[in-house]
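Residue numbers start from 1 in every chain, and the chains themselves are labelled A, B, ... in the order their sequence lines are given, proteins ahead of strands. Basis for what follows: all heavy atoms, side chains included, without hydrogens, waters or symmetry-related copies.
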Amino acid sequence: MKPDRAAFFDQVYSVVRQIPRGRVCSYGIIARLLGGSPRLVGYALNHSHVYGDVPAHRVVNRNGLLTGKYHFATPNRMRELLEAEGVEVVEDRVVRFESLCWDPLSEIDSEPPPAR
DNA sequence: ACCATGACTATAA
DNA sequence: CTTATAGCCATGG
């Protein structure tokens, strides 16, 4: 049976809510985890504002680039939210993204801190 | 139904 | 490093 599209959106929100504070994730990782395309993840996040409890700022593209910054209230909002969690952002890019990237497949929880 | 667009990514040049 | 192409698929005109 084909997975419901609305269910996929909810799955995206569910995963994003599980991203630990101070960590980030990419659209592609979530997409692969749920068996969808990265574009759908972005689309889901675009609608995530209605839920209010989805930390969409913790999702960036595979390069750690804040590609969704223009979809927040203000372009600087995404960076500010990340920096408030201890995530360094330089030139719209997450510093040491590969170290901060949270992969639910290999890192369930209680992971060691980003370790600079 | 067709066409354009987009918070993406992989690959190639 | 950049640019171009292809694959991806929901959404809107």
Side-chain angles (χ1 to χ4, degrees):
Chain A
M1 137 170 197
K2 277 201 272 189
D4 195 75
R5 286 86 158 203
F8 179 80
F9 275 47
D10 290 335
Q11 290 274 50
V12 172
Y13 304 139
S14 179
V15 173
V16 174
R17 288 192 190 97
Q18 293 175 53
I19 301 176
R21 190 177 186 281
R23 301 294 295 275
V24 293
C25 193
S26 75
Y27 303 92
I29 290 177
I30 298 173
R32 197 174 289 261
L33 175 70
L34 301 179
S37 95
R39 289 206 183 269
L40 303 189
V41 177
Y43 228 101
L45 286 177
N46 194 352
H47 283 246
S48 68
H49 65 94
V50 288
Y51 294 80
D53 61 341
V54 180
H57 59 280
R58 295 179 188 152
V59 185
V60 298
N61 81 345
R62 72 171 187 91
N63 293 313
L65 202 60
L66 277 54
T67 49
K69 58 179 288 189
Y70 295 110
H71 292 264
F72 283 78
T74 68
N76 290 331
R77 186 61 181 167
M78 189 174 187
R79 174 180 54 79
E80 291 169 354
L81 288 170
L82 287 171
E83 290 177 339
E85 298 182 353
V87 178
E88 298 177 73
V89 177
V90 176
E91 292 292 302
D92 291 338
R93 196 163 24 182
V94 173
V95 178
R96 292 182 61 79
F97 165 72
E98 294 195 1
S99 297
L100 294 176
C101 184
W102 176 76
D103 185 348
L105 289 180
S106 52
E107 310 179 38
I108 304 306
D109 63 337
S110 56
E111 268 300 300
R116 194 174 70 97

Non-hydrogen atoms of A/Cys25 and A/Ile30 that approach each other most closely
SG-CG1, 3.8 Å

Mark yes or no for whether A/Arg77, through its side chain, and A/Phe72, through its backbone, hold a donor-acceptor pair below 3.5 Å.
no

Return yes if some donor-acceptor pair links the side-chain N/O of A/Arg93 with the main-chain N/O of A/Leu65 below 3.5 Å, else return no.
no

Can you name the side chain to side chain donor-acceptor pair (under 3.5 Å) partners of A/Arg79, sequence neighbours left out?
A/Glu83

Protein N or O to nucleotides 3-8 of chain C N or O, pairs below 3.5 Å:
| unit_1 | atom_1 | unit_2 | atom_2 | d |
| --- | --- | --- | --- | --- |
| C/dG7 | O6 | A/Arg39 | NH2 | 3.1 |
| C/dC8 | O2 | A/Arg39 | NE | 2.9 |

What pairs of donor and acceptor atoms, side-chain ones from residues 44-51 of chain A against any protein atom, are under 3.5 angstrom apart with sequence neighbours left out?
| unit_1 | atom_1 | unit_2 | atom_2 | d |
| --- | --- | --- | --- | --- |
| A/Ser48 | OG | A/Leu45 | O | 2.5 |

Under the side chain to side chain donor-acceptor pair (under 3.5 Å) rule, collect the residues that match up with A/Arg17, sequence neighbours excluded.
A/Asp53

Drop me the distance from A/Leu82's CG to A/Leu66's CG, to the nearest 0.5 angstrom.
5.5 Å

Which whole-number value in Å describes the distance from A/Tyr27 OH to B/dA10 P?
14 Å

Rounded off to whole Å, could you give me the CD1-to-P distance for the A/Ile19 and B/dA7 pair?
18 Å

A/Tyr70 near the nucleic acid: base, sugar-phosphate alone, or nothing, with a heavy-atom cut-off under 4.0 Å?
nothing

To the nearest angstrom, how far is A/Phe9 atom CZ from B/dG6 atom C1'?
12 Å

When rounded to whole Å, the CG to P distance for the pair A/Leu65 and B/dT9 reads 10 Å

Expressed as a whole number of angstroms, how long is the span from A/Arg32:CZ to C/dC9:P?
13 Å

Test side chain to side chain donor-acceptor pair (under 3.5 Å) applied to A/Asp92 - qualifying residues, sequence neighbours left out:
A/Lys69

Name every residue in residues 40-64 of chain A that has at least one heavy atom under 4.0 Å from any atom of DNA chain C, in order of residue number, or write none if there are no such residues.
A/Leu40, A/Tyr43

